[in-house]
Structures are given as C-alpha cells and as structure tokens.
Undergrad: 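Before we start, here is the structure in question, set down as structure tokens.
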Amino acid sequence: MIYKIALQRNILLLLMLIFFHHGGLIAQETDIKRYGVAVIDNLSAYHAQVKADSSKKMVELRTLLPAVRYDLRYATANNFMHRRMYIPPTRHTFLRAPAAQALAAVQKELGMQGYGLKIFDAYRPYSVTVSFWELVKDERYVANPSKGSGHNRGLAVDLTIVDLKTGQELDMGTGFDNFTDSAHQGFSSLPAAVLKNRELLKTTMQKHGFTPLETEWWHYYWPNDKNYEVLDIPFAALRKPIK
Ligand SMILES: C[C@@H](N)C(=O)N[C@H](C)C(=O)O
Ligand SMILES: [Zn+2]
C-alpha cells in the first residue's frame, strides 16, 4: 500500500515536472515570437536551408581565421549588459559563408600592413537581441527585434584593428559599445590618429563588401541579398556537422 502511494506521488511529480518544463519552453518561444519576426530556432531547419543553399552555412571563425584575435564580450560580463549573455564557455563565433570569406580577405589585407582584426561579436542568437532591446530601446545602438539584427542573421560583425607588433588595439576614440555620438562614423571632433584608424577599418571593410553602421564605428554588415533568416540557435549546436 505504502509502495503504491509513493509510486503515485512520483508519477504526479514527474507529470508536474513535464508540465512546467514544457510551459517554460512555450513561454520562451512566445517571448521571442512576440515581435513578429520569423525565427529559425531548430537545427534541422537550419541544416535544410544550408543543403538548399550553401551560402547560408554558418562558418566557425576560429577555424577559418585562427590568426584573428577574439574578445567575445557577450560571452563575458564585460559588456553593457554587465552579465554573460552567451552560455559559458562560448569561444566560437560564426558568420554566413560569404561574409566569413570576405572577412578573411580583410584580415589578409591588414596583415600586409602589420595589422590584424579583433572580433568582439559576430553571430548573435535572436533571444539575446531581445534582451538587449529590453534594456536599450534605441535603434541607433541595438537592433529592434521587430526587424532582427544582422548579427542574428550571421551577417554582422563587431570588430576593431590590432597592431601585430604590440598586440594593442588601435585607438578608435571610444571603446566598444560606447553608445554616444563620439562613436558615430560621422563624428569628426577626434584626434587625427583616431580618424585615420577608423578610416583604415572602414576603407578595408568596404573594399571587401561590408557596409559600416553610421552610429557605431565597430559594426559592419554584409548585404542581406539572400533573405538570410534570423536564427536563435545556440553556438554549440551550430558547430555540429551537417550530414
Ligand atoms: C549592441 C551592438 N553591439 C550592436 O551590434 N548594435 C547593432 C545596432 C545591432 O544590434 O545590430
Ligand atoms: Zn554589431
């Protein structure tokens, strides 16, 4: 008898666990879907898209560009949210194949001049953009989730230049994610050396097909010419081979 009651209690507990877990998932989906953007959040849908169009492949950047420096700020608490936004340990980041190849050409060209790239962020799951927007509702600095960000599509990259001799970042006048006028591309009340450094980043990125964002010197994006989908797929899942 006692055994039977214990069994029933365990079954009840299990059912409650399944109910609340499932409820949690639904709550999360509703949350990211409330902005009305179509979001790909399952790996098999992404794999099917890559099979239909190989330009949609999310290329892991450390493999393609081992000489680039990485300081993935949203994988640490050193960012404007003051908390980790990516599940630890996130060491790898991604761009769609054409953007990744173009970035390789940028790195090569800078290398010939004694410089290299440092990447702060590239692919960003859509749910992270939603969290950003909840804190900073300013489209100059954070993408509106009703449109989605180039980062969510694997088309945008936040980056700077380092001097290969010293390993130091070039002086760009402000730090990364400095959401003020002085970070704008058109802001000219800056020392000549800073303007020259920003110009070097801009001309090299533009030469290889990227467009600068007017309000952030570090943000560049690749044309969304294939209607690249907004993704909300974890970094670890994207590393799984496509069969
Ligand atoms: C949050 C910042 N690093 C950034 O990437 N801003 C642009 C506008 C974006 O969210 O797409
Ligand atoms: Zn950006």
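Counting starts at 1 for both ligands and their atoms, in listed order.
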Undergrad: Would you mind running through ligand 1 and noting each atom that sits below 4.0 Å from a heavy atom of S149?
TA: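 Reading through ligand 1 atom by atom, the close ones are 9 (C), 10 (O), 11 (O).
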
Undergrad: Could you tell me if the side chain of F187 sits less than 4.5 Å from the side chain of T174, heavy atoms only?
TA: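 With C-beta onward as the side chain, the pair stays apart.
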
Undergrad: Once side-chain hydrogen bond (donor to acceptor under 3.5 Å, both in side chains) is applied, what residue pairs with a partner in residues 193-203 remain, sequence neighbours excluded?
TA: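 side-chain hydrogen bond (donor to acceptor under 3.5 Å, both in side chains) check on residues 193-203 returns no pairs.
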
Undergrad: So is there a nitrogen or oxygen of R140 less than 3.5 Å from a nitrogen or oxygen in ligand 1?
TA: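 Between R140 and ligand 1 (N or O atoms, distance only) the closest approach is not under 3.5 Å.
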
Undergrad: With a cut-off of 4.0 Å, which atoms of ligand 1 are near a heavy atom of D158?
TA: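 Counting from 1, the qualifying ligand atoms are 3 (N), 5 (O).
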
Undergrad: Taking 4.0 Å as the limit for heavy-atom contacts, which would you say applies to E216 with ligand 1: side chain only, backbone only, both, or neither?
TA: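 Side chain only.
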
Undergrad: Compare all side-chain heavy atoms of F94 with those of L61 and state whether any distance is below 4.5 angstrom.
TA: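 When only atoms from C-beta onward are counted, L61 and F94 do not touch, as no gap falls below 4.5 Å.
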
Undergrad: With the Zn ion (ligand 2) at the center, what angle do NE2 from H151 and ND1 from H219 span, rounded to 10 degrees?
TA: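 My answer is 100°, to the nearest 10°.
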
Undergrad: Within a reach of under 6.0 Å around OH of Y115, are more than 12 heavy atoms found that belong to other residues, nucleotides or ligands?
TA: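 Counting neighbours around OH of Y115, 12 or fewer heavy atoms of other residues, nucleotides or ligands fall under 6.0 Å, so no.
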
Undergrad: Between D177 and ligand 1, which part of the residue brings a heavy atom under 4.0 Å of the ligand: side chain, backbone, both or neither?
TA: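 Just the side chain.
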
Undergrad: Does ligand 1 have any atom sitting under 4.0 Å from a heavy atom of Y74?
TA: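 Yes, Y74 has a heavy atom closer than 4.0 Å to ligand 1.
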
Undergrad: With side chains defined as the heavy atoms from C-beta onward, is the minimum distance between P212 and M205 less than 4.5 Å?
TA: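 The answer is no, as the side chains (C-beta and beyond) never meet within the 4.5 Å cut-off.
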
Undergrad: How does Y141 reach ligand 1, if at all, at less than 4.0 Å between non-hydrogen atoms: by side chain, backbone, both, or neither?
TA: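 Near ligand 1, Y141 shows its backbone, while the atoms from C-beta on stay back.
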
Undergrad: Hey, is T129 one of the residues with a heavy atom under 4.0 angstrom from ligand 1?
TA: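 Heavy atoms of T129 never come under 4.0 Å of ligand 1.
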
Undergrad: Please state whether R124 comes within less than 4.0 angstrom of ligand 1, counting heavy atoms only.
TA: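 Within the 4.0 Å threshold, so yes.
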
Undergrad: Among the N, O or S atoms of D158, which one sits nearest to the Zn ion (ligand 2)?
TA: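 It is OD1, the N, O or S atom of D158 closest to the Zn ion (ligand 2).
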
Undergrad: Does any N or O of ligand 1 fall below 3.5 Å from an N or O anywhere on A143, backbone included?
TA: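 Indeed, backbone or side chain, A143 has an N or O that close.
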
Undergrad: Is it true that atom CD1 of I242 has more than 12 heavy atoms of other residues, nucleotides or ligands lying nearer than 6.0 Å?
TA: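 Correct, the count exceeds 12.
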
Undergrad: Taking salt bridge (charged side-chain N to carboxylate O under 4.0 Å, His left out) as the cut-off, I'd like each qualifying pair that reaches into residues 60-80, sequence neighbours left out, listed once.
TA: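 Of all non-adjacent pairs touching residues 60-80, those that pass salt bridge (charged side-chain N to carboxylate O under 4.0 Å, His left out) are D71-R73.
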
Undergrad: With a cut-off of 2.8 Å, does any N, O or S atom of E216 fall short of it relative to the Zn ion (ligand 2)?
TA: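 Not a single backbone or side-chain N, O or S atom of E216 is under 2.8 Å from the Zn ion (ligand 2).
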
Undergrad: Do you know the tightest heavy-atom contact between Y86 and P125?
TA: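 Shortest heavy-atom separation between Y86 and P125 comes out as CE2-CD, 3.8 Å.
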
Undergrad: Is it the case that over 12 heavy atoms from other parts of the model lie below 6.0 angstrom from the NZ atom of K137?
TA: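 Yes - once you tally the heavy atoms of other residues, nucleotides and ligands closer than 6.0 Å, there are more than 12.
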
